[in-house]
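Written below as structure tokens is the structure these notes are about.
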Amino acid sequence: MAQAYWLMKSEPSAFSIDDLAEEKRTSWEGIRNYQARNLLRETKAGDQVLFYHSSADPTGVAGIAKVVREAYPDPAQFDRKSEYFDPKSPRAEPRWLTVDLAFVRKFPRVVTLGELKANPALAKMAVTQRGSRLSVQPVTLEEFRAVLAMAGR
DNA sequence: GCCAACGTTGGC
DNA sequence: GCCAACGTTGGC
């Protein structure tokens with residue numbers, strides 16, 4: 001499979017592009033939605049990720065990350081002290097996965113959701129759809145390039 | 001803070 | 001297996 005592209009959401013009050021820039025690398029823990037989990041399973045090392053700030057001001061794509069470790073069981077599901085603890089996930093058959101992401105770059109400015117919606121080339125992009133709640137979304141190469149172009153250099 | 005969208009749970 | 005109730009996400 002060729003390199004793929006994704007959009008992943010994070011609330012910057014919890015973890016922002018600046019946090020990723022500082023830490024360089026992070027485990028993308030806490031995905032607790034089956035559809036998003038299934039998409040994580042499809043990610044490959046080297047895939048590029050639009051880092052999206054949700055519930056923020058402004059909301060939008062704040063930068064780029066890349067997948068550096070492919071899907072593995074999310075340790076937080078077994079950690080009783082974690083907010084992501086899932087007592088119903090069997091150890092022998094972990095229910096939830098995580099991937100590791102590395103910082104690539106922060107955009108000079110956030111490409112806002114409003115701008116994404118206003119670009120006809122992005123009309124099919126999941127994030128621009130009404131009611132889109134999925135925290136991991138597939139993105140086409142064309143969409144990825146269009147967002148980069150909007151961010152400027 | 002409101003509320004639309006939509007995923008999950010659980011009674012039947 | 002249906003579906004109502006409930007919980008969560010996330011834009012506004």
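Everything numeric here is computed off the predicted structure, so don't read it as measured data. Order of the sequence lines sets the chain letters (A, B, ...), proteins ahead of strands, with each chain counted from 1.
- For residues 108-122 of chain A, the set of pairs meeting the side-chain hydrogen bond (donor to acceptor under 3.5 Å, both in side chains) definition, not counting sequence neighbours, comprises A:Arg109-A:Glu115, A:Thr112-A:Glu115.
- Using a 4.0 Å heavy-atom criterion, one finds that A:Thr59 contacts the sugar-phosphate atoms exclusively.
- Residues A:Gln3 and A:Lys44 have side chains not in contact (no heavy-atom distance under 4.5 Å, counting atoms from C-beta outward).
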(Q) Run the side-chain contact (heavy atoms from CB on, under 4.5 Å) test on A:Trp28 and A:Asp74 for me, step by step, so that the C-alpha distance in whole Å, both residues' side-chain angles and the decisive distance to 0.1 Å come before the verdict. (A) CA-CA 9 Å; A:Trp28 203 249; A:Asp74 182 346; over 6 Å; no
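- Residue A:Leu50 holds its CG atom at 5.5 Å from CZ of A:Phe144, rounded to the nearest 0.5 Å.
- The outermost nucleotides of DNA chain C lying under 4.0 Å from heavy atoms of chain A, listed 5' to 3', are C:dG7 to C:dC12.
- The two residues A:Ile17 and A:Ile64 have their closest heavy-atom pair at CD1-N, 4.2 Å.
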